[in-house]
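Below, chain A is the first sequence line, B the second, and so on; all start at residue 1. Everything quoted here is computed from the prediction, not taken from an experiment.
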There are 2 protein chains.
Amino acid sequence: MPHSPANPDAAPKQRVQDAIRHDIIFGTLPAGARITEAALATKYGISRVPVREALHALEAEGFVESKPYAGSTVCAIPVDDADDLFAVREALEAATARRAAKRAAGQFSAGAPDGQWWKTRKELAAILDEGDAAIGNGRPDLLPELNIRFHLGIAELSGSPSLTALLRQIAGKIEWLYASDLNSRGKQSWGEHRTVMAAIDAGNVPEAEQVMGVHVHRSRTGYLSRFAG
Amino acid sequence: MPHSPANPDAAPKQRVQDAIRHDIIFGTLPAGARITEAALATKYGISRVPVREALHALEAEGFVESKPYAGSTVCAIPVDDADDLFAVREALEAATARRAAKRAAGQFSAGAPDGQWWKTRKELAAILDEGDAAIGNGRPDLLPELNIRFHLGIAELSGSPSLTALLRQIAGKIEWLYASDLNSRGKQSWGEHRTVMAAIDAGNVPEAEQVMGVHVHRSRTGYLSRFAG
DNA sequence: CTACTTGGGATTGTATGCAATACGTTCCCG
DNA sequence: CGGGAACGTATTGCATACAATCCCAAGTAG
């Protein structure tokens with residue numbers, strides 16, 4: 001959902017925003033490339049206004065940099081920040097997992113079922129199944145996208161928009177890093193997701209926090225060892 | 001700079017963005033309040049377009065929530081997220097301080113002085129002096145603003161736009177929390193800033209990280225004890 | 001030859017008008 | 001009297017037009 005390749009019938013602004021981000025993450029738009037609103041407007045057959053809003057949103061996400069009256073350029077891949085980004089992500093996702101477990105306990109027991117919560121929980125179940133199917137069908141290339149959706153889903157379950165927004169921002173950068181690398185830890189990492197989900201469903205707060213922390217930490221060391229060698 | 005009260009000769013978009021954020025942080029716009037572009041446009045005597053962009057930026061910052069074709073409302077104060085936000089901030093600022101110290105070592109020794117770096121370093125010195133003066137003159141109310149500028153300045157010194165953007169997002173929320181509370185730990189907390197600065201200037205990487213971590217941690221426990229206790 | 005000014009062209013920022021969508025209200029039918 | 005569907009209003013989303021700003025290059029004075 002967040003960084004899907006293309007949703008033809010979405011709002012124009014969202015469409016071009018996703019398209020540009022995709023082009024940046026996968027290298028079609030290299031770092032330092034100049035971007036002009038007019039060019040994108042003609043390219044996508046829309047006016048400058050939605051393009052402009054998409055660019056500003058991407059600036060907030062950290063993919064492009066704009067200077068007033070001067071134009072926008074593509075930011076550099078934050079490869080030097082990888083270690084620190086993972087460290088922050090560790091603290092952040094430990095918090096989302098802990099809070100998700102806390103809320104889960106309330107959802108399963110008490111008498112005020114939250115429709116949104118159950119919807120997200122169902123989506124997560126579907127994501128896990130899709131991932132397993134992707135592995136079974138020899139399509140591990142689908143895992144990165146599913147991976148991000150899983151982690152954002154957990155953040156949704158935490159019920160904290162603040163934390164979700166922060167994770168969304170970090171996840172974008174991490175997706176960028178992984179796209180430059182070719183993801184590999186895939187299968188083993190994916191299997192750990194069910195452990196996280198189980199801890200949350202059980203309402204086991206400390207275990208949820210700990211398991212998620214270990215999961216993210218492994219992802220971090222995996223990436224760093226692959227990249228820095 | 002980031003959340004200044006009002007800069008009359010700034011761009012309209014930036015001006016209304018700061019004004020609205022100020023109104024939200026200091027309670028003029030209460031949580032749940034409906035916001036319409038047209039009303040703000042008349043209020044500030046400008047067109048709907050810059051207002052619209054300001055609102056979208058504030059949505060990315062987590063202060064307002066917008067639904068397509070339905071309008072925007074002021075978000076709730078993230079008081080339940082305080083603990084987690086401080087935890088993430090601890091990891092984040094430990095990273096910025098560490099990287100700032102690492103870069104400082106390079107700046108003082110080697111032969112490639114970075115103009116931007118020195119400019120930020122000078123601004124930080126001015127901020128520290130302003131804070132001392134504010135305390136001396138019995139104006140501790142100026143400290144929260146200076147406090148944020150100091151921490152964002154350290155992030156600038158780290159040379160990482162990713163980390164700076166993340167801190168900016170978190171700092172906005174924390175400023176919001178502190179505004180609902182009335183800041184108190186002020187004076188002692190401010191004094192710790194010179195310790196952080198000294199560690200960075202010395203290029204003492206582990207000490208910079210550790211001192212900043214303790215500083216933020218004290219701020220966290222101080223807030224939580226005041227609020228929950 | 002250098003430094004400063006002064007144009008032109010390109011690009012973003014803002015204003016206005018129109019189209020698309022959501023929400024509340026009312027009216028009709030059961 | 002209750003429920004659901006059509007409708008009107010309010011509000012956002014997009015398109016077009018214009019103004020403000022910046023960058024760069026050419027030209028001129030010293």
Residues of residues 35-44 of chain A with any non-hydrogen atom less than 4.0 angstrom from an atom of DNA chain C: list those, numerically ordered, please.
A:Ile35, A:Thr36, A:Glu37
Cationic N near anionic O, under 4.0 Å, A:Arg52 to B:Glu53:
yes
Of the listed nucleotides D:dC23, C:dG13, C:dC18, the one nearest the side chain of A:Ala70
D:dC23
Whether A:His193 and A:His151 hold their rings parallel, tilted or perpendicular, with breakpoints at 30° and 60°
perpendicular
Below 4.0 angstrom, N of the basic side chain to O of the carboxylate: do B:Asp84 and A:Arg98 qualify?
yes
Whole-Å distance, A:Lys13 NZ to C:dA20 C1', equals 16 Å
Please state how far atom CD1 in A:Ile46 lies from atom C1' in D:dG13, giving the value in whole angstrom units.
11 Å
Any idea which of C:dG13, C:dT14, D:dA15 is nearest the A:Pro50 side chain?
D:dA15
What is the distance, to the nearest angstrom, from the NZ atom on A:Lys67 to the C1' atom on D:dT21?
13 Å
For B:Gln14 and C:dT12, what is the distance between atoms CD and C1' respectively, to the nearest whole Å?
15 Å
Closest-nucleotide mapping onto DNA chain D: is A:Pro68 or A:Pro12 further toward the 5' terminus? I mean the 5' end.
A:Pro12
What nucleotide, of D:dT21, D:dC14, D:dT12, holds the atom closest to the side chain of B:Tyr69?
D:dT12
From NE2 of B:His56 over to P of C:dT14, roughly how many Å is that when rounded to an integer?
15 Å
If the condition is side chain to side chain contact (heavy atoms under 4.5 Å, CB included), which residues does A:Ala94 pass it with, not counting sequence neighbours?
A:Glu209
Would you say B:Arg52 reaches D:dT12's phosphate, i.e. side-chain N/O to OP1/OP2 under 4.0 Å?
no
Between atom CZ in B:Arg48 and atom C1' in D:dA10, what is the gap in whole Å?
11 Å
Quick test of your reading: applying side chain to side chain donor-acceptor pair (under 3.5 Å), list the pairs with at least one residue in residues 67-76 of chain A, sequence neighbours left out, ordered by first then second residue.
A:Ser66-A:Ser72
Residue met sooner reading DNA chain D from 5', once B:Arg34 and A:Ala11 are mapped to nucleotides:
B:Arg34
Which value, rounded to the nearest 0.5 Å, describes the distance between A:Lys173 atom NZ and A:Ile25 atom CD1?
10.5 Å
Give a yes/no answer on whether the side chain of A:Ser47 brings an N or O atom under 4.0 Å of OP1 or OP2 in D:dA15.
yes
Around atom CD of A:Glu65, are there more than 12 heavy atoms from other residues, nucleotides or ligands closer than 6.0 Å?
no
